[in-house]
J.: 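Got a structure for you, questions after.
Labels below follow one simple rule: chain letters A, B, ... track the order of the sequence lines, proteins then strands, and each chain is numbered from 1. Please read all numbers here as calculations on a predicted model, not as lab measurements.
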Amino acid sequence: MFQGDSPIAPELLNDWIEVQSKLKKKLVTEDDFKWKVGTKIEGGDSCQVLKYIGGVDLSLWKEDSSVACATLVVLELKTLEIVYQDSSVVRLSVPYVPGFLAFREAPVLLELLDKMKASSHPFYPQLLMVDGNGILHPQGFGLACHLGVLANIPTIGIGKSLHHVDGLSKSTVRERFEMDGNSSQDIIPLVGDSGQTLGAALLSTRGSSKPIYVSIGHRISLAVAIDIVKLSCKYRVPETIRQADIKSRQYLQNSRLIFKGKVTGNAL
DNA sequence: GCGACAG
DNA sequence: ATCTTGTCGC
């Protein structure tokens, strides 16, 4: 707990807003990578193909939401099988504040990325999917952007619920889907009142009515981000995020049992 | 003043 | 995030 759930000091909030606006200046909103998506093999083209995609997520300890397990997984895009995974149980230093998720979750996730990069691991992801929004955010700089800039890696933000921003609401999204009901689109752009396209709502599973919200994090375009998300969806949530969620939950569960002395030995 | 508010 | 079983449907 954080001092009986007392609110964050207003001064700290100002600091956070300043950090966001400073980091935002480094944000790249276009494709900035050497690989290509898909299996197109062009003659004489020696460029790389997107092969390793990462996913990160946190699970919280229900008795104390300041205890969390952070997990990084890397999947092979072609098979969607896990080729790398690492978890870390930590005590979070700040509570969740809407719009400032990164200050709670980014530090641990960066550690996991740094650890993998420092060991020059061959499966270090070429792209990272993040459980949380990218530019679909009150300051246009959500967790996916934050992580992308600090780790200097292309990132995609995946929201499982809509963060109401720039006039966007669930009802507007629902209406937009029903609008072209005949063509039964599985994806619609999220254009805010400002006129900017902040992301897209995607019905990733056939016949599902609950969309996921895709927005760019760093060094990628929305169109390419959407292509990759579609390629990595076996279920509603992309496998990267889904597996990171499953593994972090499992790891936390095992840690809890050991902590309570109900298990001996190393079951992790 | 009241509600809304990623995870 | 987390609390949580069965149930309706392909």
J.: Which heavy atom of A:Leu198 sits nearest to which heavy atom of A:Ser215, and what is that distance?
T.: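 Heavy atoms only, the tightest pair is O-CB, 3.3 Å.
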J.: Side-chain N or O of A:Arg249 less than 4.0 angstrom from OP1 or OP2 on C:dT2?
T.: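 Indeed, a polar side-chain atom of A:Arg249 lies that close.
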J.: Taking the side chain as everything from C-beta on, heavy atoms only, tell me whether A:Leu147 gets closer than 4.5 Å to A:Leu110.
T.: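 When only atoms from C-beta onward are counted, A:Leu110 and A:Leu147 do touch, with a gap below 4.5 Å.
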J.: Using every non-hydrogen atom in the two residues, find where A:Pro95 and A:Ile8 come nearest and quote the distance to one decimal.
T.: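 Distance-wise, the nearest heavy atoms are CD-CD1, 3.7 Å.
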J.: What is the minimum heavy-atom distance between A:Gly140 and A:Leu27, and which atoms define it?
T.: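 Looking at all heavy atoms of both residues, the closest pair is O-CD2, 4.3 Å.
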J.: What pair of heavy atoms forms the shortest contact from A:Pro107 to A:Ala102, and how long is it?
T.: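 Smallest heavy-atom distance, with atoms named: CD-O, 3.6 Å.
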J.: Collect all protein-nucleotide pairs involving nucleotides 5-7 of chain B in which both atoms are nitrogen or oxygen and the distance is under 3.5 Å.
T.:
{"residue": "B:dC5", "atom": "OP1", "partner": "A:His164", "partner atom": "ND1", "Å": "3.1"}
{"residue": "B:dC5", "atom": "OP1", "partner": "A:His164", "partner atom": "NE2", "Å": "3.0"}
{"residue": "B:dA6", "atom": "OP2", "partner": "A:Tyr96", "partner atom": "OH", "Å": "3.0"}
{"residue": "B:dA6", "atom": "O4'", "partner": "A:Asn133", "partner atom": "OD1", "Å": "3.3"}
{"residue": "B:dA6", "atom": "O4'", "partner": "A:His163", "partner atom": "ND1", "Å": "3.4"}
{"residue": "B:dA6", "atom": "N7", "partner": "A:Gly99", "partner atom": "N", "Å": "3.1"}
{"residue": "B:dA6", "atom": "N6", "partner": "A:Gly99", "partner atom": "O", "Å": "3.1"}
{"residue": "B:dA6", "atom": "N6", "partner": "A:Phe100", "partner atom": "N", "Å": "3.3"}
{"residue": "B:dA6", "atom": "N6", "partner": "A:Leu101", "partner atom": "N", "Å": "3.1"}
{"residue": "B:dA6", "atom": "N6", "partner": "A:His137", "partner atom": "NE2", "Å": "3.1"}
{"residue": "B:dA6", "atom": "N1", "partner": "A:Leu143", "partner atom": "N", "Å": "3.1"}
{"residue": "B:dA6", "atom": "N3", "partner": "A:Asn133", "partner atom": "N", "Å": "3.1"}
{"residue": "B:dG7", "atom": "OP1", "partner": "A:Lys160", "partner atom": "N", "Å": "2.7"}
{"residue": "B:dG7", "atom": "OP2", "partner": "A:Ser161", "partner atom": "OG", "Å": "2.8"}
{"residue": "B:dG7", "atom": "O3'", "partner": "A:Asp131", "partner atom": "OD2", "Å": "3.3"}

J.: What is the distance, rounded to the nearest whole Å, between atom CG of A:Asp64 and atom P of C:dT2?
T.: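 To the nearest whole Å, that distance equals 14 Å.
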